[in-house]
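Below: the structure, in C-alpha cells.
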Amino acid sequence: MGDVGIGRRAFLAGVGGITVGAGAAALTACETRTGRSPTLSGTTLVVRNFGGSYDEANRKAVYDPFTRETGVRIKVVNFEHDQMLAQIREGRPRFDVMDIDMSNLLLFAHEGASEPLDYGRLKNTRNAGIPQSLLTPNGVGKSYWASVLAYRTDAFDGRKPESWADFWGLGAFPGPRALQGEVDWPELEFALLADGVPLDGLYPLDVDRAFRVLDEIRGSVRTFWEYGAEPGELLSRGSVKVSSTWAGRLQHLIDDGVPLAYEWNGARRQSNGYGIPKGSANEDAAYKLIDFALRPEVQAHMARLYPDGPVVPAAYGHLTESTAMRLASTPGHLLSGFDLDIDWWLENKDAVTRRWQKWLRA
C-alpha cells in the first residue's frame, strides 16, 4: 500500500499500547463461551446483508461462531431496500436483522420501518469507544469503509500523489483520471479538499464551489466508475493513472505485484451498521447477534477477512500492524480523513443528485 501517514509508534500509541496479534487466542475464548439459551437454541435468525465475499467473511467471523456459542442458526438473504420496506410495511418482514450502511438505517428510521434499539441489551457498546455518531436510536455502527485516492506507482517518475490537490494537479501528475459515478454519493468533498477547504470545514458543502472545481478536470476524467472492482481494472490496464476507489478493493492486485498504491490523506469514511426491522420475529436473537458482532475479538476476526475497519477501538489489539494499516479506522487514518455527513447528504440528496447527473452528461 501507499504511504498511510502513520508510523509504528503512533499506531501503538493510538490503540493504547494493547498487545498486537493477540487475536487467535482471544477468538478461541470467544467461541467457547457458554451462551446457549434453551429458548433460543434451534432458532433460525434471518440476516439481510450485501452478499458475496462480505457474506462469506461474516459467515466465518460472526455467524458460525455465534451459532456454535448460542445454538441460533443464521440464514442470509439479500433483499433490495425497496423489497425490505415493502415487507415491513406489510407487517411481515422476511428478515430479522438489517446489515446495511448507516445512511439507509437512518432512512429506515425516518420511514418508521425499524425498531428503536434498547442499548441496555447491547452490553458490548458500553464504554467501548464506539463514536456517538454510530450509536443512533435505530441503528448501531459495525464497521468503517472509505473512499480513497489510488494511483499507479510507475506513472509519475517516482513521484506519488499525496492529496486530492495532487489528483487535480494535471501539470505535476498528468494523465487520465477516474471518479465515482452514480453508485454512491457524488465525490464533491474531494473537489473541495483539492481547492483548499480543511477537513473540519467541509460541511455544509459549498456545492457551487465543488462543481466549479470539478469543471477544472472534467476533460481529464476518462471514466466515471460504477462498481467496486472497476477502478482496479482501469488502473491495472493503464486506462487511467489515478482514480478514486473504495479502500481494500485493490489490495489483491497490489499483493499480486500490480504497481498500485493508496493514499489515505483525505479519505471519505462511511459506516455499515445493524438495525432491527419493525415486526422482527426473532428480536431476542437479533440483539444477541448484534452484541456478539461488537465484541473486540469478533470485530478483529472480521477485519482479517474483509477490509472494513472495526468500530470498537480495542479490536486493534487483536490485529497485526500490517492488517491494521489497511483499514479505515486505524488511529492515523481517522486523523487524516473525514466522516461523510449523512444528515447533510440526506437533506440535500435530491437537488445535488439532479445537478450531478446533469454534470455527468454535459
Has the side chain of Tyr316 got a donor or acceptor atom that lies under 3.5 Å from a matching backbone atom of Thr330?
-> yes
Does Gly337 offer a backbone N or O that forms a donor-acceptor pair with the side chain of Arg268 under 3.5 Å?
-> no
Can you name the one residue among Tyr144, Tyr54, Trp225 that meets ring pair (Phe, Tyr, Trp, His ring centres under 6.0 Å) with Trp246?
-> Trp225
A side-chain contact here means heavy atoms from C-beta on lying under 4.5 Å apart; do [X] and [Y] qualify?
| X | Y | result |
| --- | --- | --- |
| Leu188 | Leu214 | yes |
| Ser329 | Pro310 | yes |
| Val197 | Asp206 | no |
| Trp164 | Glu189 | no |
| Phe167 | Leu179 | yes |
| Trp185 | Ser103 | yes |
| Asp166 | Ser163 | yes |
| Arg59 | Val76 | yes |

Candidate pair Asn265 and Leu193, rule side-chain contact (heavy atoms from CB on, under 4.5 Å), full reasoning = CA-CA 10 Å; Asn265 183 26; Leu193 290 174; over 6 Å; no
Is atom CG of Asn127 surrounded by more than 12 heavy atoms (other residues, nucleotides or ligands) closer than 6.0 Å?
-> no
Any carboxylate oxygen within less than 4.0 angstrom of a Lys/Arg side-chain nitrogen, looking at [X] and [Y]?
| X | Y | value |
| --- | --- | --- |
| Arg121 | Asp291 | no |
| Asp96 | Lys75 | no |
| Arg177 | Glu187 | no |

Is a side-chain donor-acceptor pair under 3.5 Å present for Thr245 with Ser243?
-> no
Do the ring planes of Trp264 and His333 sit parallel (below 30°), tilted (30 to 60°) or perpendicular (above 60°)?
-> parallel
Does Glu182 have any side chain to side chain contact (heavy atoms under 4.5 Å, CB included) partners at least two apart in sequence or in another chain, and if so, which?
-> Glu226, Trp356, Gln357, Leu360, Arg361
Hey, which of Ile276, Val97, Asn282 is the one that makes side-chain contact (heavy atoms from CB on, under 4.5 Å) with Tyr287?
-> Ile276
